[in-house]
Amino acid sequence: MVMRILTNLARFAASFMAATVLVFLFMRAIPGDPAQIALGVNATPELIAKTRAEFGTDQPLLTQYLDWVRGLPFGDFGTSYVTHRDISPLVADRVQVSLILVVLAMLAALIIAIPLGTLAAVRHRKASGAIISAVSQLGIAIPGFLAGILLVLVFALGLGWFPANGWTPPGQDFGQFLSRVTLPVLALAAVQGAILTRYVRSAVLEVMSEDYLRTARAKGLSPLAALLKHGLRNAAIPVLTVTSVQLAALIIGAVVIERVFVIPGLGSMLLDAVGNRDMLTVQSVVMVLVGITLVINLFVDVFYSVLDPRIRKSA
Amino acid sequence: MLRSKRTSLSVALLLASSLSLGACSAGSAPGGQDGGAENSAITVALSGPPVNLDFTTTAGSAIPQALMDNVYQGLLRIDQEGKIQPLLADSWELSPDRMTYTFKLHPGVTFSNGEAFTAEDVKFSIDRVKSDAWKSSVKAKMNVVQEVVAVSDTEVKVVLKQPSNAWLFDMGSRIGAMFDPKGVDDLANTPVGTGPYTVSSWKPGESMEMSARTDYWGQAPKIKNATLRYFADATATTNALQSGDVDVVYNMQAPELLSSFEGKPEYQVIKGTSTGEIILSMNNRAAPFNDVRVRQAVMYAIDRKAVMDTAWNGLGTLIGGPVPPTDAYYEDLNGVFPFNPGKAKALLKEAGVENLDITFSVPTRPYATAVSEIVVSQLKDVGINAKIASTEFPAVWLDKVFTKHDYQMSVILAVESRDVLTIFNDPNYYIGFDNSTIKAEAAAADMADESGYVAGMKKVVRSIVDEAGANTLFLFPNIVVAKTGVAGIPANAVSEGLNLSAMSWK
């Protein structure tokens, strides 16, 4: 078990370092000079050169890279070229917003998916099961931003139940937070819920065909009772895998949803920073996203071994 | 086979995540006022957030839009009609040789840090524009200043190297902003000026809150708390207005959304003017547009009214040249190149470039994409096949089109006021206009008296249009949608700042 965690940590570190190189090089490969953008049209070449020196973008790539990477383990992302502020506190501010959004959306998605998927599996030969499958298929086909726009049209502009966009932190006014967070969370959860419903359904279906479940039923348990008592744990493993993969997808989906609902999360920060070629900010935000994804994977892996002793032994 | 009775771990995972949720603390912006219920607060939606608060080192119109008139003030200001008016200077005199301005400062003015505003601050501010502290390229407008002398606390002389009409006007823009020597340590985050407001909170990319000063030297503004909220998308701004989150949408970027507000009693729609010309630029230095006949063909080929009607719902003003009607030397130049596809074809034939293939670099901005399709179809009618190359703005556009001049045709909103000479009196500017005929005339006009200035500049502008330096498609409108109760909204965006102190609730 300890070995397994150590291997995972090593893999984590290697992936993280590889990602720093990739994102760093990518930001240098795309056209656009932060100094030129900051100074705008009519800036003289001398001014631009001076500003580059100030930003450090005139340094050799390796120096720039090392300067940046050096601070990362300490959470020091450097100072933004454009805002002239330390990046770390800004990112910390934004990461909270995005995490709230993503976690609430995943929660909502699972609340939708677990009962519906189970139901669809148990009733897979009945009309109700087929209807759930069909609706979930539809849900998968709708892009998150479209779901967002539709929700705004109906519930914000049409019915006036919710604000159309904006953000209030939960600590500031919880009621307002709830009213603002509902639509974006629904937009994200609708698609995720649909995807997860299908996975829950197939996981449960597979478990239902297992011998131990037949035995349980032979002992007189109803299909649902047998499933709840003996099957859900086993079904949880594939669902957990998908949930972790989807959590990463959800973080990406949140980038778009944040734009639709004007939410000050990492997504909008990333888009603004890319537009301004605020390289250090882009790199930092991407690394935070990479870090979150890797941490999720790490946790899921550890969870597996707790959940399934076979995995524990194989390590 | 599993035998343990532990609860499903996916549920545990959910619990863990909801706990971590509770750990997240506050720290973000408030969403805005609740329908402007309070009569002293207002929320204004704007597009294009400032990236920091320091326009001395960062270009663009977003920072001065928020800070000029509100936090920073100049000796004089540009009014809604584009005319020069006194502000921190009550009056000024010009010496007979037109080279020395003597400003009489308004007494009793203080900065928001409590310091008194004196002639020394004027000297400090103007000298600072010329120093290395200022990086933004607009600083070049101060080059004409020879010397600043503080005569007394309330009197200051500015000596120019040569007479300049442009300089006095430019003093109404950001280069004329007055700073306190003790207030320039952290301009990017903490601006200190003589204006009616201070920035009480600022969330990069999100919002800025302004509070009215209690010790403001002028008339106290009716709006005590103003929130500027920034939206990347025009639909999001109108959604926010409709759901009551904002009170005013200023300089709206999507005229097609106006129909849901027009004719409704709870909203007012204001169609003002601006100093932004939508310019169809042609690379004057490279083929095929280094041939004046090809450029003139493009002038004849474009039905500018149709472009404005199609792309921007007919909102805007047809001006025919790169000068807005609020400028002293404006004249209607629509008649110089009337829509005439026949003439366009003839000119192309004469230039020997029938069936021309060109690349049209279109910046990723709403007005540019809206304009591009119809321009392409009109060019096609005269035998110019333009291929649209979407160009990310600002990063890629600045790099490729502006800096490297690697383009044939582009379209851009030139927002600066009185920018005709910036654009056309510099052969190294990205348009590459040959300024040999206008250079001397423009210099003479700047040094002349007021009437000589107007007459001289008219002549300069006419030469630029005759030479088809670029095709000014139309003047960008300043569209404002607001709740009916808001009064005093500056309809015209002809100065840099959005003057919040003019606004109030009816």
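The chains referred to below are lettered A, B, ... by the order of the sequence lines, with proteins before strands, and numbering in each begins at 1.
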Could you please spell out the steps behind the side-chain contact (heavy atoms from CB on, under 4.5 Å) verdict for B/Glu206 and A/Met269? CA-CA 10 Å; B/Glu206 258 185 87; A/Met269 188 181 200; over 6 Å; no
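- For OH of A/Tyr199, the number of neighbouring non-hydrogen atoms (other residues, nucleotides, ligands) closer than 6.0 Å is 12 at most.
- Nearest heavy-atom pair, B/Gly205 versus A/Asp272, reported as atom, atom and distance to 0.1 Å: CA-OD2, 4.2 Å.
- Between B/Asp399 and A/Gln36 there is no side-chain heavy-atom pair separated by less than 4.5 Å.
- Taking OG1 from A/Thr83 and CG from B/Asn189, the interatomic distance works out to 7.5 Å, rounded to the nearest 0.5 Å.
- Salt bridge annotation for B/Asp132-A/Lys50: present, with a cationic side-chain nitrogen under 4.0 angstrom from a carboxylate oxygen.
- With a 4.5 Å cut-off on non-hydrogen atoms, B/Tyr230 touches chain A through its backbone but not through its side chain.
- Without hydrogens or angle criteria, B/Asn239 side chain to A/Ala164 main chain gives no donor-acceptor distance under 3.5 Å.
- Classification of A/Arg85 and B/Asp186 as a salt-bridged pair fails, no side-chain N sitting under 4.0 Å from a carboxylate O.
- With a 4.5 angstrom heavy-atom cutoff, A/Ile149 does not touch chain B via any of its atoms.
- Of the listed residues (A/Pro34, A/Ala38, A/Gly275), the one with the most heavy-atom contacts under 4.5 Å to chain B is A/Ala38.
- Residue A/Asp33 holds its CG atom at 8.0 Å from OG1 of B/Thr403, rounded to the nearest 0.5 Å.
- Here the shortest heavy-atom pairing between B/Ala395 and A/Pro31 reads CB-O, 4.3 Å.
- A donor-acceptor distance shorter than 3.5 angstrom exists from the side chain of A/Asn165 to the backbone of B/Ala236, with no hydrogens or angles considered.
- The NZ atom of B/Lys135 sits 6.0 Å away from atom OG1 of A/Thr51, with the distance rounded to the nearest 0.5 Å.
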Would B/Thr58 and A/His84 count as a side-chain contact (heavy atoms from CB on, under 4.5 Å) here? Give the steps. CA-CA 10 Å; B/Thr58 307; A/His84 300 223; 4.2 Å; yes
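- With a 4.5 Å cut-off on side-chain heavy atoms, B/Glu392 and A/Arg277 count as touching.
- The side-chain heavy atoms of A/Leu39 and B/Ser137, taken from C-beta on, include no pair separated by under 4.5 Å.
- Both the backbone and the side chain of A/Ile37 come within contact range of chain B, judged by heavy atoms closer than 4.5 Å.
- For chain B, no part of A/Glu46 is nearby; none of its heavy atoms comes within less than 4.5 Å.
- Among the candidates B/Thr364, B/Leu398, B/Asp233, the residue making the largest number of heavy-atom pairs closer than 4.5 Å to chain A is B/Leu398.
- Of the two parts of A/Val152, only the side chain, counted from C-beta on, holds a non-hydrogen atom closer than 4.5 Å to a non-hydrogen atom of chain B.
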